[in-house]
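This report refers to the structure that appears directly beneath it.
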Amino acid sequence: MKAILTTIAVIFFGTLTMAQSVSKETKVETVTFSVTLDIEIDADSKKETEVTRLYRYKNSRIKKALSFRTKRNKAKLA
């Protein structure tokens, strides 16, 4: 019985607060701007493709160079 009354109270107060919050609605005026783009594109520009690496940690490049592996480092299955 107590659970039923608490759920009814929660639903009642929830709908009451929703009804009050809807009446405080403020309207916003929309503003539109026209935009013109003046961009010159050079057809003679060369496309250079370079690959760069982004390292998450500061010394990762050094650690990668120092942690080299050879063929003999691998474990062998007997």
Side-chain angles (χ1 to χ4, degrees):
M1 185 71 176
K2 185 177 178 182
I4 295 171
L5 290 177
T6 55
T7 54
I8 291 172
V10 167
I11 291 171
F12 174 73
F13 287 119
T15 54
L16 185 68
T17 56
M18 289 294 288
Q20 289 179 352
S21 66
V22 172
S23 64
K24 295 179 184 178
E25 185 177 327
T26 58
K27 295 187 178 182
V28 179
E29 295 180 12
T30 58
V31 179
T32 58
F33 293 106
S34 62
V35 177
T36 57
L37 299 174
D38 296 328
I39 299 173
E40 296 178 8
I41 299 173
D42 295 333
D44 298 333
S45 64
K46 295 180 182 177
K47 291 185 179 180
E48 296 180 9
T49 56
E50 294 182 11
V51 177
T52 59
R53 289 188 178 183
L54 297 176
Y55 294 99
R56 188 173 195 167
Y57 300 106
K58 189 167 125 180
N59 293 327
S60 61
R61 185 180 301 170
I62 297 166
K63 288 180 182 178
K64 184 180 179 187
L66 291 176
S67 66
F68 65 93
R69 299 198 67 139
T70 61
K71 291 180 182 178
R72 294 187 178 199
N73 283 351
K74 295 181 182 177
K76 293 183 179 179
L77 190 61

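Other cluster members for F33: V31, joined by side-chain heavy-atom distances under 4.5 Å among Ile, Leu, Val, Met, Phe, Trp and Tyr. If you chain together ILVMFWY residues whose side-chain heavy atoms come under 4.5 Å of each other, M1 ends up in a group of its own.
By the side-chain contact (heavy atoms from CB on, under 4.5 Å) test, F13 pairs with A9, L16, sequence neighbours left out.
Counting non-hydrogen atoms of other residues, nucleotides and ligands closer than 6.0 Å to CD1 of I4 gives a total of 12 or fewer.
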